[in-house]
Amino acid sequence: MNGVGTLGSETEHRARHVAIIMDGNGRWAKKRGLPRAIGHQRGVEAVRRLVRGLEPMGLECLTLYAFSSENWKRSEDEVDDLMNLMRRFIKSDLPEFVENGVKLKIIGDWRALAPDIVAMLEDALAQTANGHQTLAVALNYGAQDEIARAATQAASEGEITPDAISQRLDTHDLPPLDLLIRTSGEIRLSNFLLWQAAYAEMLFVDTLWPDFKPEHLGQALDDFARRERRYGGR
Ligand code: IPE
Ligand code: IPE
Ligand code: MG
């Protein structure tokens with residue numbers, strides 16, 4: 001429980017599930033006169049650093065927004081760069097995930113990605129199935145699409161109720177979302193976890209994603225532990 005659980009107050013609580021909108025790779029590169037691709041590379045390094053620092057934070061699940069269903073609107077070159085980074089990242093870091101008990105989960109319409117990436121991801125999911133800490137990665141993810149798919153399925157199987165939808169979302173087997181963080185200073189959700197965010201706490205930080213360190217997540221968890229959650233009651 002690094003950095004959390006130190007307050008001793010009765011309202012203190014520990015986060016189980018944190019999600020991050022990893023934003024600001026392009027601006028990080030631009031500030032340095034570098035191509036956007038370098039910003040994305042450094043963004044992958046920030047992910048690696050964070051996953052390596054995850055164990056002592058005691059989270060059950062970390063969900064990362066890596067590629068949105070709207071990110072296809074970017075140039076072909078940039079989309080190619082992002083897909084190639086994904087290929088390389090899975091290849092290089094999968095053994096470490098297995099060794100460290102990181103259980104991979106993918107949310108979003110990821111089966112529509114290139115067939116070789118789908119195959120790599122299926123292999124990675126199988127290899128990490130016994131892990132104890134979940135790393136959920138949102139790929140080709142759009143919350144409206146996720147909700148529409150869940151609602152369609154619920155309708156075909158019975159009544160459309162909030163529970164019926166929740167149970168059919170891509171996140172149905174994850175703990176409730178406690179904290180949603182966005183880096184880079186933008187204050188919007190960009191179609192991420194719209195349903196799950198209903199009562200999540202929000203934290204918007206100015207740090208650009210490539211500069212994000214495990215310490216920043218530790219601070220966010222401390223901040224979260226001090227918040228009072230009310231869920232509409234008093
Ligand atoms: C986040 O960084 C990475 C992805 C969306 C894949 P951006 O590429 O959005 O960086 P900015 O927002 O242009 O700085
Ligand atoms: C959201 O960031 C998607 C990811 C971080 C993967 P964007 O940079 O795509 O969002 P907008 O376009 O600024 O809303
Ligand atoms: Mg952005």
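Indexing begins at 1, ligand by ligand and atom by atom, following the structure's order. All values derive from a computational prediction rather than experimental measurement.
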Item to check | Under 2.8 Å from the Mg ion (ligand 3), the protein N, O or S atoms, given as residue and atom | outcome: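 Short answer, with waters excluded from the count: Asp23 OD1.
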Next on the checklist: What protein heavy atom lies closest to atom 10 (O) of ligand 1? Include the residue and the distance to one decimal.
Outcome noted: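 Result for atom 10 (O) of ligand 1: Gly26 N, 2.9 Å.
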Checklist outcome for this item: ligand 1 to Arg27, heavy atom cutoff 4.0 Å, flagged ligand atoms 11 (P), 12 (O), 14 (O)
Checklist entry - Side chain, backbone, both or neither: which part of Arg74 comes within less than 4.0 Å of ligand 2 when only heavy atoms are counted? => result side chain
Checklist entry - Looking only at side chains, do Gln196 and Glu146 share a donor and an acceptor under 3.5 Å apart? => result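 Side-chain D/A pair, Gln196 to Glu146: present.
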Item to check | Polar contact flag, side-chain donor to acceptor under 3.5 angstrom, Gln167-Asp163 | outcome: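 No.
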Checklist entry - For ligand 2, is any non-hydrogen atom under 4.0 Å from Ala138's backbone (N, CA, C, O), its side chain (CB onward), both, or neither? => result neither
Checklist entry - Does Met22 approach ligand 2 within less than 4.0 angstrom via side chain, backbone, both or neither, non-hydrogen atoms only? => result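 It is the backbone that gets close, since no side chain atom is under 4.0 Å.
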Item to check | Trace of the salt bridge (charged side-chain N to carboxylate O under 4.0 Å, His left out) decision for Lys105 with Asp173 | outcome: CA-CA 10 Å; Lys105 170 165 174 94; Asp173 52 352; 2.9 Å; yes
Checklist entry - Has Gly24 got any heavy atom lying under 4.0 angstrom from an atom of ligand 1? => result yes
Item to check | Arg182, portion touching ligand 2 at heavy-atom distance under 4.0 Å | outcome: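 Looking at Arg182 and ligand 2, just side chain atoms fall under 4.0 Å.
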Checklist entry - Counting only heavy atoms not in Asp116, do more than 12 fall under 6.0 Å of its CG? => result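 Counting other residues, nucleotides and ligands, CG of Asp116 exceeds 12 neighbours.
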Checklist entry - Which ligand 2 atoms are under 4.0 Å away from a heavy-atom of Arg188? => result 11 (P), 13 (O), 14 (O)
Checklist entry - What part of Phe67, side chain from CB on, backbone N/CA/C/O, both or neither, has a heavy atom under 4.0 Å from ligand 2? => result backbone
Item to check | Heavy-atom nearest neighbour in the protein, as seen from atom 9 (O) of ligand 2, with distance rounded to 0.1 Å | outcome: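 The closest heavy atom on the protein side is Asn71 ND2, 2.9 Å.
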Item to check | Nearest-contact summary for atom 14 (O) of ligand 2 - protein heavy atom, Å | outcome: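 The closest one turns out to be Ser190 OG, 2.6 Å.
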Checklist entry - Do His216 and Val205 have side-chain heavy atoms sitting under 4.5 Å apart? => result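 When only atoms from C-beta onward are counted, Val205 and His216 do not touch, as no gap falls below 4.5 Å.
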Checklist entry - Would you say Ser68 has any N or O atom under 3.5 Å from an N or O of ligand 2, going by distance alone? => result no
Next on the checklist: I'd like to check whether Arg36 has a polar contact with ligand 1, where a contact means an N/O of the residue lying under 3.5 Å from an N/O of the ligand.
Outcome noted: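 Right, the criterion is met.
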Next on the checklist: Return the closest protein heavy atom for atom 6 (C) of ligand 1 as residue, atom name and distance.
Outcome noted: Ala66 O, 3.4 Å
Item to check | Any Glu186 heavy atom less than 4.0 Å to ligand 2 | outcome: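 It does not, in that no heavy atom of Glu186 comes within the 4.0 Å cut-off of ligand 2.
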Item to check | Separation of Trp28 CH2 from Gln41 CD (nearest 0.5 Å) | outcome: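 The distance works out to 9.5 Å.
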Item to check | Derivation of the salt bridge (charged side-chain N to carboxylate O under 4.0 Å, His left out) call for Arg36 and Asp77 | outcome: CA-CA 10 Å; Arg36 294 180 64 83; Asp77 276 357; over 6 Å; no
Checklist entry - Quick one: do Glu96 and Arg48 make a salt bridge, cutoff under 4.0 Å? => result no
Checklist entry - Atom CE in Met202, atom CD1 in Ile181: separation rounded to 0.5 Å? => result 11.5 Å
Item to check | Residue Glu70 excluded, over 12 heavy atoms near CD under 6.0 Å | outcome: yes
Checklist entry - Do Phe67 and Trp72 have ring centres separated by under 6.0 Å? => result yes
Next on the checklist: I'd like to check atom 12 (O) of ligand 2 in this structure: does the protein have a heavy atom lying under 4.0 Å from it?
Outcome noted: no
Next on the checklist: What's the separation between atom OG in Ser68 and atom CG in Asn140, rounded to the nearest 0.5 Å?
Outcome noted: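 Atom-to-atom, Ser68:OG and Asn140:CG are 8.0 Å apart.
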Item to check | Note: Lys213-Glu215 ion pair, threshold 4.0 Å (strictly below) | outcome: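 No, no charged N to carboxylate O under 4.0 Å.
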Checklist entry - How long is the gap from OH on Tyr141 to CD1 on Ile107, to the nearest 0.5 Å? => result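 Here the interatomic distance stands at 5.0 Å.
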Checklist entry - Do we see a donor-acceptor contact under 3.5 Å between the side chains of Trp195 and Ser166? => result yes
Item to check | Closest protein heavy atom to atom 3 (C) of ligand 1, given as residue, atom name and distance to 0.1 Å | outcome: Asn25 ND2, 3.5 Å
Checklist entry - Which atoms of ligand 1 are found less than 4.0 Å from any heavy atom of His40? => result 3 (C), 8 (O)
